[in-house]
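The block underneath contains the structure these notes are about, expressed in structure tokens.
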Amino acid sequence: MLLAKSKRASERLLENSTKYLEEKLKLTVNREKSRTVSVFAIRNFKFLGFALGRNGSGIYVRVHPKSWKKFKSRLKELSSRRSVQIIKPSLERIKVYARGWLNYYSKYEEQHR
């Protein structure tokens, strides 16, 4: 995945990168999976659970709405009242899941403060 300011620049970057990887490093590039994206052209681009995009105040990186939705549905599943649960183990599972999720998404925030 290559990110660039414009679609044209990203395509040029893909071409040069592919050439370098295949000729110099003797690596195989999967052209079906290779993708070029202009962050400026896309409003809400998803990568590794983060949304990258552009709004009125500039470029942003935040948790993607689909990731939030998945997190909420998993919490609902863990705290479901449909099955009889003992509270303490149930809260422990929720705590472990939430801690892991928050640690993953907080790494970016720590690096960019």
Side-chain angles (χ1 to χ4, degrees):
M1 180 158 318
L2 300 168
L3 302 173
K5 288 185 178 182
S6 70
K7 183 72 172 164
R8 189 171 153 221
S10 66
E11 289 169 356
R12 191 170 47 242
L13 185 61
L14 178 63
E15 183 181 321
N16 292 336
S17 300
T18 302
K19 186 177 178 181
Y20 177 79
L21 291 168
E22 290 180 340
E23 291 176 9
K24 296 277 185 185
L25 300 179
K26 306 294 184 209
L27 297 172
T28 305
V29 175
N30 186 339
R31 293 174 194 275
E32 292 174 11
K33 289 184 179 179
S34 298
R35 184 172 167 192
T36 62
V37 175
S38 168
V39 176
F40 294 108
I42 293 179
R43 181 145 180 88
N44 204 4
F45 173 70
K46 183 179 179 185
F47 181 66
L48 296 176
F50 289 95
L52 301 133
R54 186 175 126 205
N55 57 17
S57 59
I59 304 294
Y60 64 83
V61 178
R62 57 177 73 125
V63 178
H64 194 275
K66 285 184 181 179
S67 300
W68 272 113
K69 194 173 185 178
K70 188 176 174 183
F71 175 69
K72 289 178 188 178
S73 78
R74 179 75 173 130
L75 282 181
K76 284 181 183 178
E77 181 184 309
L78 288 171
S79 63
S80 173
R81 293 185 205 157
R82 289 183 187 174
S83 61
V84 178
Q85 298 178 15
I86 302 170
I87 290 289
K88 203 163 190 161
S90 177
L91 288 175
E92 187 62 32
R93 284 193 299 273
I94 291 169
K95 186 171 89 174
V96 167
Y97 177 71
R99 185 185 313 129
W101 196 88
L102 290 169
N103 283 336
Y104 177 78
Y105 287 102
S106 69
K107 294 295 180 196
Y108 178 80
E109 292 298 321
E110 289 173 9
Q111 294 171 356
H112 293 86
R113 283 187 187 175

Legend entry - Which residues share a ring pair (Phe, Tyr, Trp, His ring centres under 6.0 Å) with Y20, sequence neighbours left out: none

Legend entry - Residue among L75, V63, V96 satisfying side chain to side chain contact (heavy atoms under 4.5 Å, CB included) with W101: V63

Inset, instruction - Classify the ring geometry between F71 and W68 as parallel (under 30°), tilted (30 to 60°) or perpendicular (over 60°). - result: perpendicular

Legend entry - Spatial distance of atom OG (S34) from atom CD (E32) [nearest 0.5 Å]: 9.5 Å

Inset, instruction - Apply side-chain hydrogen bond (donor to acceptor under 3.5 Å, both in side chains) to E22 and list each qualifying residue two or more places apart in sequence or on a separate chain. - result: R31

Legend entry - Within 6.0 angstrom of R74 CZ, more than 12 heavy atoms from elsewhere: yes

Legend entry - Spacing of CZ belonging to R12 relative to OG belonging to S17, to within rounding of 0.5 Å: 11.5 Å

Legend entry - Point-to-point distance, once rounded to the nearest 0.5 Å, from CD of E15 to NZ of K19: 7.5 Å

Inset, instruction - Could I get the full list of side-chain hydrogen bond (donor to acceptor under 3.5 Å, both in side chains) partners for R99, not counting sequence neighbours? - result: none

Legend entry - Closest approach of V61 to F50 (non-hydrogen atoms, all atoms of both residues): CG1-CD2, 4.0 Å

Inset, instruction - Locate the shortest heavy-atom distance separating G49 from S67; write the atom from each residue and the value. - result: O-OG, 3.1 Å

Inset, instruction - Report the C-alpha distance between E11 and R8 in whole Å, list the side-chain angles of each, state the deciding distance to 0.1 Å, and finish with yes or no for salt bridge (charged side-chain N to carboxylate O under 4.0 Å, His left out). - result: CA-CA 5 Å; E11 289 169 356; R8 189 171 153 221; over 6 Å; no

Legend entry - E23 CD to T18 OG1 distance, which is reported to the nearest 0.5 Å: 10.5 Å

Legend entry - Single-linkage hydrophobic cluster L27~L13, side-chain heavy atoms < 4.5 angstrom: no

Legend entry - Minimum-distance pair of heavy atoms, taken over all atoms of L78 and S90: O-OG, 3.5 Å

